[in-house]
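This report concerns only the one structure given below.
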Amino acid sequence: MTTMLKPIFIILCLIYGIQLSAQVETPFDKKLFKEQKDQFKEAMNHIKEGDNLLFDPMIPRPRAAVIHYLKANEFNPNSSELNFKIAQCYLAFDKYKMKPYVEKAYKLKPTVNPLCSYLLAQAYQLESEWKTAIQYYNIFISSANTPDLQEHKKNATRKIQECKNGEMLEKDQARVWIDNVGPMINSQYPDYAPVISADEAIMVFTARRPDQEIMAPDGGHFEDLYQSIRYSGDWQKSANMGSPLNTKGQHDATIGISPDGQVLFLYINRKGNGGDIYTSLKEGGVWTKPQPLGKNINTSAHEPDASLSFDGNRLYFTSNKDGGFGEHDIYYSDWDTDKERWGEAVNIGNVLNTPYEERSVFIHPDGETMYFSSQGHNSMGGFDIFYSKLVNGQWQKPVNMGPPLNTPDDDIQLVVAGNGRFGYYSSYRQGGHGEKDIYVVTFLGPPKQPILANEDNLIASIAEPIKEKTHEPELVAEGANMAILTGIIRDKKTKQPLKASIVLVDNTANKVIAEFESDDQSGKYLVSLPGGANYGIAVKKDGYLFHSENFVIPEASGFKQYKKDADLKKVEVGESIVLRNIFFDLDKYSLRPESVNELERLHKLLVENPTMRIEISGHTDTRGGADHNQELSQNRAKAVVDYLVQHGVDKSRLEFAGYGESKTIISDGEIAAMKSKSSREEAHQQNRRTEFKVLSM
Amino acid sequence: MLRSLLTGITVLFCCAYSFTQTDSTALQGSSIDTEIMDSLGLVNPEVQKKYNLGVNALNSNDYMLAIQNFTEVLLMDELYTDAYFNRGMAFKGLNKIDEGVKDFDKVIELDSTNDEAAYMKAQMFMETERFDEGLEAYLQAELLNPKEEKYPYYRGVTLFQLERYEEAIEAFTKAIKIKANYAYAYNDRGSAKLEMDNLEGAIQDYKTAVKHDPKLSFAYNNLGSAYRKKQDYLNADKYYSEAVKYKKDYFIAYNNRGSARMENGKHDLALNDFKMALELNPDYALAYNNQASVYILQEKYEEAVTACNKALQLYPEFMEAFFNRGIAKEMLKDVEGACADWQDAFLLGSENAEQYVNSPACTSLK
């Protein structure tokens, strides 16, 4: 540098130095960087490379582009155009990082891009700065006059409404805890889309981990399915589910699992038909090769979500096929038992579906609560999670689950355990294990009101007053109104697990609701029982006596989980079983109509074993007089025999006896020691029973 | 509840006893100036001497000696009413109820106007929790002396504590008929009405009580509580404040006013009242529990746990404190601790705690 030029350089440096610190727009103009040619050139190369990646007509690659832009920005941080491009990149994959860049771009030159104020408004919306966001959306609307901006203008109007929704929703925060589910499941890679069995024993999720050498076109790893088992309340280390669920060089993603964990739904996009729903069954302890669902479900459009009802008879899914209310809509299809396929898809209607996106449908095992994500309704930004209740066969207006579960960003794929206490979803939050993680949501229910203790109603003669009787507020049962019945079915003698058929009957309606099978390897089964019905459950297997259970799940009874292992007895002389689904009117011996299914099972057993002779015995609890109980039990046993005779069973094959209260299963002493009234009542119920015993074959 | 009931009954007995001490004599006949009686030729000097020895023994709580002397008196003079009465008192001192009752019955047989013997019987029955017999004895006293307002009143108090409120109201009404300005009876009838959810009737009675006795602090306290139940927090505050005006150390009223203020959303004022109640009575477990309730609403869960701990130190079977500590622990994510507390509250009788114990929050624990 010549002596003559030195003062000029110093002046320029001062000028630009002042400009830089004052954050004055400094475009990438080589005239302004004459003294830093090499650095300028390098920065320009980075911008060029970034542009190539960001504006690649085949696959825009913002993750890669932003690395170049950031390098250029280190050289000159005061280019509105570059700052805007960085913000654009972050908008695509890490929205929360875009705000400082778009803020700076707007500050340096508000007109750098017609969408600058729009993007800035979005950045404020993401941080729940609702009023400022509305202000910038309005600025955008007032300046967006060209035809190419009309769609954005329309969106901005909608986003203003989202901000207003957000303001409202924030006033009433949902009572939830959101906790990272931990390193046994989450990794430093994206882990998301969890699905769980109703009892939270199994979680299957999607992750993009380096289990495959080949990289996906977007620069990340391919999606694979992973599984974790919960043992003693703790999730065990997750593992890749391998073939045939996961395939090399392909994305494999989970979207749903049946409440009993025996049927898995996957999203696969291999045939270029927009992406379809596949299903895999657990057979012999292994998952079968995923098969596409029929044409009534999968179309040439996009079907990315699926959820199976508790009885396995209805599939809820989403599709963006023509004829809906907007973009993706929620549909359902009923299983056609005659044709053994899913029936015609039915749009669930415009109470749930909007002109915008509805996705991630999840039907709770209670059969009456649907969770889904929507960009419509009163979303506070992007997808919000909503729930709707089925009342008298009609889905009710969806309720936004509110912050902190919902954020101004996309909130999707919530699944809720049968007990209603825990939900799982994925989110990209600070403090996670890396990228998207799976979080457990604990629903705390309505606030628990503390109880005051007072002394009032004092009477004059008493030096020390009586403490006020506690008036506890009436509580609404917490959790879902349903029960989950789980257990293991085994051979009574060998204790070998059995694959048996489990028939679920609505006793009140005398209707078989569903038929399941226990796992052939483990003998495990799971049945969801929604509230408001009297259920009969029969476990059947050829060559064995059937086993029956009865559950009454009242409306608004909260959640209960039962574990009932059933050891099936082979059809042999001397074996007996309790007929739990035979009912009599109170203190009478007339059979109630809901006994028919159980009686028919018994009838069928006798028809299948034509030489079998049996004894029907009646038993009561110990309340009431012994003589009366004996007589009642005798008459009840006779009523069962009469039914069988009327239905063609030879009288000579049937004996009956009434044992009254002489053969209780649970003694009075044991009942007296029980702490709660409900336990004592259940014990009495166990004692009141009808049994049958094989006398000869 | 049983504990409170028993405490109440015991205290009632103490108060009733104190009433006897002040309004009549515990001993009947007292010792006799033998010289005067002898000169009049009215009593046998030997009888008199033994009687006086019995009275002295009774006064010095030597019940066995008293019984021995009165028995000797009665062997000599089987119609000596006072000797029966005082031997009955000695049996009472030894807690020999049946023997005592027998003597008091003999007194009534000999003197059909002796209402005090019936009253003493009532006391003995109450002391041994023979409530029905005690109530009968009170009724007997009322029959023997229909002008004594205290017999129906005490019967009313007993009925109140037995939670037989309707009958208690009748008994208090009877006492009021005998003594129209009987402030205590008005107050207690008000409390019985309140127990029967007759808020307006209760308020009217409490107001009549303070009209007849304008410094009756507990009646003001009760008025405050009645208005609190009506969710009329302005009047509740007013009457609790009257209560503490007439009884400066009335920690119960401070605690109650705090509750009213808390229910009215005035959490800081409520905390001040609970603090005041604890300054006046540092062992007042209820105020610690109520402090915890405010802390829970203020989301100060650690403070709430500390306050409940103090309440439970003072009263280890404090159902409400277990219940509230469970709420605070849950919010501190100590769900296991919360469920253990709700289990304790459930075992102490809380129905809501039972529901929580059976909720997925607790049943889903490992």
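Chain naming here is simple, since letters A, B, ... match the order of the sequence lines and numbering starts at 1 in each. Every value quoted in this text rests on a predicted model; they were computed, and no experiment measured them.
Side-chain atoms of B:Asn255 do not come within 3.5 Å of backbone N or O of A:Asn454 as any donor-acceptor pair.
Atom-to-atom distance recorded for A:Gln449:CD and B:Ser293:OG is 9.5 Å, nearest 0.5 angstrom. Considering CD of B:Glu263 and CG of A:Leu452, their distance stands at 5.5 Å, rounded to 0.5 Å. Here the CD1 atom belonging to A:Ile451 is positioned 6.0 Å from the CG atom belonging to B:Asn352, to the nearest 0.5 angstrom.
Looking at A:Arg175 and B:Glu299, no side-chain N of the basic residue comes within less than 4.0 Å of a carboxylate O on the acidic one, giving no salt bridge.
Nearest heavy-atom pair, A:Asn419 versus B:Pro360, reported as atom, atom and distance to 0.1 Å: O-CG, 3.3 Å.
Only the side chain of B:Leu297 comes within contact range of chain A, judged by heavy atoms closer than 4.5 Å. Heavy-atom distances place both the backbone and the side chain of B:Lys333 under 4.5 Å from chain A. With a threshold of 4.5 angstrom between heavy atoms, B:Val335 approaches chain A through side-chain atoms but not through N, CA, C or O. In this structure, chain A has no heavy atom under 4.5 Å from any part of B:Phe172.
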Might you work through the side chain to side chain contact (heavy atoms under 4.5 Å, CB included) test for B:Trp342 and A:Lys448, ending with a clear yes or no? CA-CA 12 Å; B:Trp342 289 329; A:Lys448 295 182 173 73; 3.7 Å; yes
Side chain to side chain contact (heavy atoms under 4.5 Å, CB included), that's the test. Do B:Thr363 and A:Arg421 meet it? Break it down for me. CA-CA 10 Å; B:Thr363 55; A:Arg421 169 82 172 174; over 6 Å; no
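Between A:Leu444 and B:Met331 there is a side-chain heavy-atom pair separated by less than 4.5 Å. Here the side chains of B:Phe218 and A:Glu455 are not in contact, with every heavy-atom distance at 4.5 Å or above.
Applying the 6.0 Å contact sphere to CD of A:Gln173 captures more than 12 heavy atoms from other residues, nucleotides or ligands. Within a 6.0 Å radius of NZ in A:Lys524, no more than 12 heavy atoms belonging to other residues, nucleotides or ligands are found.
Remark: B:Tyr227 engages B:Tyr239 in a ring-ring contact (aromatic ring centres under 6.0 Å, His included) (not counting sequence neighbours). Partners of B:Tyr233 under the ring-ring contact (aromatic ring centres under 6.0 Å, His included) rule, at least two apart in sequence or in another chain, do not exist in this structure.
Interface summary for chain A: among B:Ile296, B:Val294, B:Ile327, the most heavy-atom pairs under 4.5 angstrom belong to B:Ile327.
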